[in-house]
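Note sheet for the following structure.
Start at 1 with the first residue, then count along the sequence.
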Amino acid sequence: MNSGLRVSPRLFALSGVCFASSGMFAGCTSAASVRTLARLCALVLVVAAGLGSELRVRVRLSDGLVTEELLEADTERDSISLEFKQGDGTLITFLADFKQEVKIFRALILGELERGQNQYQALCFISRLNRNEIIPSESMARLRQKNPHVIRLAEERKGLEQLTMSAAVNLSRAWQLSSHIRNMCSEAHEAIYTSEADMKYWLEKGVDGSMFEVLPRTTEAPGFQACHSTKDLWQPCLCTYGLRLEWYPCLLKYCRSRDGTAKGATYKCGIRSCSKGYHFTYYVPQKQLCLWDEET
């Protein structure tokens with residue numbers, strides 16, 4: 001069964017991703033082969049320039065719940081954002097700023113009102129964006145979903161990345177890193193973090209050093225404990241926050257043309273999807289700001 005998928009003969013499919021042909025490749029795949037490939041497609045994405053830059057994908061979270069991811073591309077600002085809600089109501093947002101080579105993670109966590117917290121707590125983590133972490137914004141803007149009801153599973157599950165966020169970032173000066181930080185992290189106030197390695201890299205690039213504040217370390221204050229083993233809600237401790245991007249297009253796939261007039265030419269014919277987890281560890285002045293990190 002092809003789950004009701006209909007694929008035009010002018011589309012090509014590879015590993016579940018389909019791209020529209022652009023003339024020179026229009027005749028190199030038969031309608032029968034396309035129908036066969038369509039049955040094998042777990043995910044069909046259609047390149048259709050000019051049809052917008054939003055994609056909604058249903059994914060299964062690690063706790064088994066199904067959520068909807070919203071992926072958006074802004075080709076003018078050369079950025080991609082991904083947003084979804086976790087089972088506990090937390091809103092996770094990821095943004096890749098290709099111009100500045102910066103990535104931003106934001107978590108809006110529902111507060112525990114009965115324990116004296118605000119309605120929600122915002123966290124922002126900023127780090128360098130490496131090459132080939134995610135597909136370019138112009139490619140993301142052209143992806144379209146053929147069957148929006150299918151629950152997507154990433155083809156590759158990447159390893160967990162452990163990050164020690166040892167510096168706080170001043171929101172009013174963060175525009176030097178990325179113009180997106182103010183909009184994304186304005187609710188995080190003093191909970192915007194980056195790593196020492198990334199801080200040093202940006203300082204070498206000439207950003208204003210007053211943007212950063214180095215946080216206390218365990219070596220300087222041996223009495224610090226992990227928040228999950230700290231009993232006193234008003235004691236400083238080391239907090240850990242974990243999140244996972246369950247599905248995102250991490251790589252473009254290329255096919256080689258068999259057309260006689262362009263022998264050996266390659267063209268974009270699909271994507272590879274990935275899933276990746278992150279653990280952020282950082283200093284908090286009181287455990288009250290890290291109630292999710294408790295012993296169970």
C274 and C250: CA distance, side-chain angles, deciding distance, disulfide (SG to SG under 2.5 Å) verdict: CA-CA 6 Å; C274 291; C250 54; 2.0 Å; yes

Interatomic spacing from [atom1] in [X] to [atom2] in [Y] - rounded to 0.5 Å:
| X | Y | atom1 | atom2 | value |
| --- | --- | --- | --- | --- |
| S179 | R77 | OG | CZ | 4.0 Å |
| I192 | M211 | CD1 | CE | 11.0 Å |
| L108 | M184 | CG | CE | 9.0 Å |
| D232 | Q225 | CG | CD | 10.5 Å |
| L82 | L70 | CG | CG | 8.0 Å |
| D74 | K99 | CG | NZ | 8.5 Å |

Transitive ILVMFWY side-chain link [X] to [Y], under 4.5 Å:
| X | Y | value |
| --- | --- | --- |
| L203 | V169 | yes |
| L91 | I181 | no |
| L243 | L163 | yes |
| L153 | V59 | no |

Stepwise side chain to side chain contact (heavy atoms under 4.5 Å, CB included) check, L160 with H279: CA-CA 7 Å; L160 180 69; H279 270 189; 3.8 Å; yes

Tell me whether [X] contacts the main-chain N or O of [Y] through its side chain, where contact means a donor paired with an acceptor under 3.5 Å.
| X | Y | value |
| --- | --- | --- |
| E196 | S166 | no |
| K158 | S275 | no |
| S195 | D198 | yes |

Neighbour count >12 (heavy atoms, 6.0 Å) for atom CD, E190: no

Minimum heavy-atom distance [X]-[Y], with the two atoms named:
| X | Y | result |
| --- | --- | --- |
| L61 | G87 | CD1-N, 3.9 Å |
| A141 | A73 | N-CB, 3.6 Å |
| F98 | S137 | CE1-N, 3.9 Å |
| L289 | W292 | O-CH2, 3.3 Å |
| I104 | S178 | CD1-OG, 4.2 Å |
| L177 | V102 | O-CG2, 3.5 Å |

CA sep, side-chain torsions, deciding dist, call: T93, E83, side-chain hydrogen bond (donor to acceptor under 3.5 Å, both in side chains): CA-CA 4 Å; T93 308; E83 188 168 81; 2.6 Å; yes

A side-chain contact here means heavy atoms from C-beta on lying under 4.5 Å apart; do [X] and [Y] qualify?
| X | Y | value |
| --- | --- | --- |
| T281 | Y241 | no |
| L251 | E156 | no |
| Q176 | D208 | yes |
| F212 | V214 | no |
| L233 | Q235 | no |
| Y254 | K268 | yes |
| R244 | Y278 | no |
| Y282 | F125 | yes |

Stepwise side chain to side chain contact (heavy atoms under 4.5 Å, CB included) check, Y248 with I134: CA-CA 7 Å; Y248 65 96; I134 191 168; 4.1 Å; yes

Cation-pi geometry met for R128 and Y201 (6.0 Å, 45°): yes

Test: K103 cationic atom under 6.0 Å from F105 six-membered ring centre, within 45° of axis: no

Sub-2.5 Å SG contact, C185 and C124: yes

Cysteine SG atoms at C255 and C269 closer than 2.5 Å: yes

Evaluation steps, side chain to side chain contact (heavy atoms under 4.5 Å, CB included), between L215 and M165: CA-CA 9 Å; L215 298 172; M165 311 304 274; over 6 Å; no

Note: E138-R142 ion pair, threshold 4.0 Å (strictly below): no

salt_bridge(R60, E246) N-O dist < 4.0 Å: no

Passing option when E68 is tested against R58, R152, R56, K85 for salt bridge (Lys or Arg N to Asp or Glu O under 4.0 Å): R56

Stepwise disulfide (SG to SG under 2.5 Å) check, C237 with C290: CA-CA 9 Å; C237 55; C290 186; 5.7 Å; no

Donor + acceptor pair across side chains of Y120, E187 (<3.5 Å): yes

Working for side chain to side chain contact (heavy atoms under 4.5 Å, CB included), residues F280 and L123: CA-CA 11 Å; F280 303 97; L123 301 173; over 6 Å; no

Pair D97-S79, side-chain hydrogen bond (donor to acceptor under 3.5 Å, both in side chains): steps then yes or no: CA-CA 5 Å; D97 180 346; S79 65; over 6 Å; no

Evaluation steps, ring-ring contact (aromatic ring centres under 6.0 Å, His included), between F224 and Y283: CA-CA 9 Å; F224 282 167; Y283 165 88; 5.2 Å; yes

